[in-house]
Amino acid sequence: MESFDYHQAAEMLARQVELGATEAICDAPVNRYEVPASPPKASAKIGKGPQPLQASETPDPVALARRAARGAQTLEELRAAVQGFEHCELHKGARNLVFADGVPGAPLMIFGEAPDRDEDRAGKPFVGRTGQMLDRMLAAIDMGRDRNVYLSNILPWRTPQGRDPKPDEIAMMRPFVQRHIELAKPKVLVLFGNWSCQSLLEKRSIMRLRGNWTKAADLSCMPMVHPGYLLRNPEAKREAWADLLSVQANLRDG
Ligand code: URA
């Protein structure tokens, strides 16, 4: 039988899902009405073999992430700490870690949500169509990732099929996001979309949050609609433009 690596198999499965497949079936039919054979007797195992972990022994991934993030003294060390963090399942399905792009130490730091397919391939945030949209938005206020902007995401790995991030994934990567801000030392933060607001503001209603200055990680922070949303809803560009001008003014005067 032909064998596939993880990424080939994942792409083939994604294609099936796009074509409408909702269920995986086997070569041979399964009789779902068959009465199952009697379950193994629990008593036979008592006292033998490894016992399940007690709740108190289960490692808490958030605490482990906090410890790993605190140990990083530079952005390079932080990247290595994220790369080595194996408690978030997302890293198993991703091709690449997507850590950051732009100018570390720039006055503006932007957080997106999670890498898409293009970013997962390139290992850099915002390189696909959404990234081109973002670059045009920044150019309109005379800024750019080549000069005065630093970019990252609240999740460094693509989610399976680009699904929404789960609360536990956001929570376990949050200590790295917070340390990232401490080490990059921006003056102002922009948070794109609901999930980055969930990570840094613990709120998730971008349409109410956008356009209003708030504080995150002790910094001035502007929540904005995601550039991907603007691609699908061009009528929202007018408000995004007002938010961008407010960011520009804050950086100039603030
Ligand atoms: N969307 C994001 O939120 N981040 C990326 O890096 C790309 C698309």
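Treat the numbers as computed from the prediction; the structure is a model and nothing was measured. Remember, it's 1-based here, ligands and their atoms both numbered in the order they're listed.
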R79 versus V82: any side-chain heavy-atom pair under 4.5 Å? no

Is R210 salt-bridged to E239, going by a charged N under 4.0 Å from an acidic O? yes

Is E169 paired with R163 through a side-chain N to carboxylate O contact shorter than 4.0 Å? yes

Would you please indicate yes or no on a ring centroid separation below 6.0 angstrom for F176 and F85? yes

What residues sit with at least one heavy atom under 4.0 Å from ligand 1? G112, E113, A114, D116, E119, P125, F126, N153, H226

Would you call the rings of F99 and H180 parallel, tilted or perpendicular if under 30° counts as parallel and over 60° as perpendicular? parallel

Student check: side-chain heavy atoms of P107 and V188 closer than 4.5 Å: no

